[in-house]
Asker: 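Below: one structure in structure tokens.
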Number of protein chains: 2
Amino acid sequence: MLSDNIAVLFPGSGMLLVKQDPGNVTFPKNNHDHGRCIAVALDKAAAVCMDRGVRLTELRRRVLEIIWQNHKPLGAYSILEQLRQDGRAAAPPTVYRALEFLLEQGLVHRIASMNAFVGCSRPGHISDGQFLICRSCGSSTELNDGKLEKVITRNSGSLGFTVEHLTIEVSGLCPHCRRARGEPAQYSNCPVSGEDSSGTEPT
Amino acid sequence: MLSDNIAVLFPGSGMLLVKQDPGNVTFPKNNHDHGRCIAVALDKAAAVCMDRGVRLTELRRRVLEIIWQNHKPLGAYSILEQLRQDGRAAAPPTVYRALEFLLEQGLVHRIASMNAFVGCSRPGHISDGQFLICRSCGSSTELNDGKLEKVITRNSGSLGFTVEHLTIEVSGLCPHCRRARGEPAQYSNCPVSGEDSSGTEPT
DNA sequence: ACCAGAAATGCTATCGGATAACATTGCGGT
DNA sequence: ACCGCAATGTTATCCGATAGCATTTCTGGT
């Protein structure tokens with residue numbers, strides 16, 4: 001586990017010490033200090049960009065800030081709308097180019113199942129991550145389970161398939177929404193039954 | 001492993017014996033008998049629908065057939081175009097309603113990362129499946145790894161998250177395309193390094 | 001300080017993906 | 001034959017994404 005350092009930068013050194021996002025250690029709590037999430041994310045982003053010699057322009061920074069306004073994946077046109085509310089001239093390419101940059105730098109993730117974008121909780125790390133997305137409140141949590149990625153890569157490899165990119169998105173109910181519905185904690189209420197495992201190598 | 005039975009139907013019994021899709025036991029070969037894939041898929045679909053008392057209309061059947069013309073996920077508007085080439089009146093809702101039906105019956109899958117649709121290799125089974133999609137040739141293979149689903153469900157559950165739907169899509173290079181590029185078999189050329197596993201319970 | 005080239009942004013247009021709302025057709029049961 | 005409902009046709013509209021080109025802004029070299 002990482003220690004509790006806040007974004008510390010060693011420019012040009014290729015080294016970067018970052019802090020775990022407090023909102024993502026578990027599922028984001030309704031009452032967490034989200035201002036801190038934003039501040040940390042923007043700090044980390046500045047650090048990563050400086051470290052890599054790329055430019056976190058005002059537009060890009062602002063788009064990142066908009067995405068980080070909460071933990072819910074946000075559509076490109078919602079971002080566009082907010083840019084316009086800033087009084088800025090903006091068209092779709094404005095947003096998509098900023099997003100392209102942020103994706104390249106690993107500062108945001110694209111949630112394919114929603115056509116939306118969410119802040120990366122571990123910028124600077126190269127990983128596609130896994131996402132738990134609540135269908136009720138829309139919040140998402142990023143996991144980075146290296147073991148899971150290895151298992152998939154290994155099973156794919158046994159079929160001769162070379163993995164380049166993983167999309168793993170889980171939709172369901174987060175603990176808060178489940179509790180709000182009076183449903184008890186449970187692991188078994190999943191329609192995805194594990195009835196077999198054909199198609200993959202036995203482990 | 002299932003025996004090699006071809007689609008056998010017990011109408012109304014709730015039981016259905018189906019054959020493994022020969023094109024999907026491994027990654028689809030370039031020279032496999034795809035006509036058989038199509039015939040089997042359409043037979044299975046008819047069986048599943050009869051079994052469930054739902055109607056596989058001519059339109060729905062045709063859309064399924066179009067999707068099964070190969071193992072490459074197909075966009076809704078490509079389907080639309082082909083329907084029109086049939087001389088049929090068609091607009092987007094025509095396609096999307098047929099797709100909605102086929103998805104509900106588990107006859108096709110939606111590939112979120114491509115906004116496209118592909119035939120289900122195990123119709124009648126309830127599973128989201130996992131997909132290996134070649135970025136070079138576009139072909140996809142469906143896996144159904146119950147263990148993988150269980151691991152994800154369990155890890156999510158340990159965070160209090162109830163899983164309802166899994167999206168697992170892997171993009172990369174299929175064995176045929178990799179070979180065509182002269183790249184040797186390998187498991188390690190994956191940018192998704194397993195550097196850690198923060199965010200999930202240790203197993 | 002200036003200039004040239006490159007990077008970033010502005011802008012227009014267009015395409016693909018998806019759905020809402022309502023009209024019409026067709027099928028099954030009585 | 002009639003009714004009711006499921007399925008399809010039709011129109012319109014919205015969101016997501018990108019191509020292509022013009023303009024501005026930044027950066028590095030002199």
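Below, each value reflects all heavy atoms present in this structure, side chains not excepted, and no hydrogens, waters or symmetry copies. Chain A is the first sequence line, chain B the second, and so forth, proteins listed ahead of strands; every chain is numbered from 1.
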Asker: Expressed as a whole number of angstroms, how long is the span from B:L80:CG to C:dG16:C1'?
Answerer: 11 Å

Asker: Heavy-atom count check: over 12 atoms from other residues, nucleotides or ligands less than 6.0 Å from B:E104 CD?
Answerer: yes

Asker: Check nucleotides 14-20 of chain D against the protein and report each pair of N or O atoms closer than 3.5 Å, with its distance, or say if there are none.
Answerer:
from: D:dG16; atom 1: OP2; to: A:Y77; atom 2: N; distance (Å): 3.4
from: D:dG16; atom 1: N7; to: A:Y77; atom 2: OH; distance (Å): 3.1
from: D:dA17; atom 1: OP1; to: A:R110; atom 2: NH1; distance (Å): 3.2
from: D:dA17; atom 1: OP1; to: A:R110; atom 2: NH2; distance (Å): 2.9
from: D:dA17; atom 1: OP2; to: A:Y96; atom 2: OH; distance (Å): 2.8
from: D:dA17; atom 1: O5'; to: A:Y96; atom 2: OH; distance (Å): 3.3
from: D:dA17; atom 1: N7; to: A:Y77; atom 2: OH; distance (Å): 2.9
from: D:dA17; atom 1: N6; to: A:Y77; atom 2: OH; distance (Å): 3.2

Asker: Roughly how many Å is it from CZ in A:R52 to C1' in C:dA7, rounded to a whole number?
Answerer: 19 Å

Asker: Rounding to 10°, can you tell me the angle the first-five-pair axis of the helix from C:dA1-D:dT30 to C:dT30-D:dA1 makes with its last-five-pair axis?
Answerer: 30°

Asker: Please determine, by modelled atom types, if A:H165 and A:D128 share a side-chain donor-acceptor pair under 3.5 angstrom.
Answerer: yes

Asker: For B:S136 and B:R181, test the side chains for any donor-to-acceptor distance below 3.5 angstrom and give the result as yes or no.
Answerer: yes

Asker: Any side-chain donor paired with an acceptor under 3.5 Å for B:Q130 and B:E169?
Answerer: no

Asker: Looking at A:T57, I'd like to know whether one of its side-chain N or O atoms comes within less than 4.0 Å of OP1 or OP2 on C:dT9.
Answerer: yes

Asker: Using whole Å, report how far CG of A:D86 lies from C1' of C:dT9.
Answerer: 16 Å

Asker: After noting the C-alpha distance and the side-chain angles of A:N115 and B:N115, does the key distance pass the side-chain contact (heavy atoms from CB on, under 4.5 Å) rule?
Answerer: CA-CA 9 Å; A:N115 291 327; B:N115 291 328; 3.9 Å; yes

Asker: Run through B:L102, B:L56, B:T57 and flag the one making a side-chain contact (heavy atoms from CB on, under 4.5 Å) with B:C49.
Answerer: B:L56

Asker: Is there a side-chain contact between A:T94 and the phosphate of C:dG10, meaning an N or O under 4.0 Å from OP1 or OP2?
Answerer: yes

Asker: Do you see a donor-acceptor pair shorter than 3.5 Å between the side chains of A:S171 and A:R135?
Answerer: no

Asker: Just how far, in rounded Å, is C1' of D:dA7 from CG of B:L102?
Answerer: 14 Å

Asker: Figure out the CZ/P separation between A:R62 and C:dG10, and round it to whole Å.
Answerer: 14 Å

Asker: Less than 4.0 angstrom from a charged side-chain N to a carboxylate O is my criterion; do A:E100 and A:R97 meet it?
Answerer: no

Asker: Between B:R61 (CZ) and D:dA7 (C1'), how many Å, whole number?
Answerer: 18 Å

Asker: May I ask you to check whether A:F131 and A:H109 place their ring centres under 6.0 Å from each other?
Answerer: yes

Asker: Roughly how many Å is it from CD in B:E100 to C1' in D:dT8, rounded to a whole number?
Answerer: 13 Å

Asker: Indicate the ring-plane relationship of A:H71 and A:H32, choosing parallel, tilted or perpendicular according to the 30° and 60° boundaries.
Answerer: tilted

Asker: From A:I168 CD1 over to A:L132 CG, what is the distance, rounded to the nearest 0.5 angstrom?
Answerer: 10.5 Å

Asker: How would you summarise protein contacts on nucleotides 24-30 of chain C per nucleotide, using B for base, S for sugar-phosphate only and - for none, with heavy-atom distances below 4.0 Å?
Answerer: ---S---

Asker: Between P on D:dA6 and CG on B:L56, what's the gap in Å once rounded to a whole number?
Answerer: 18 Å

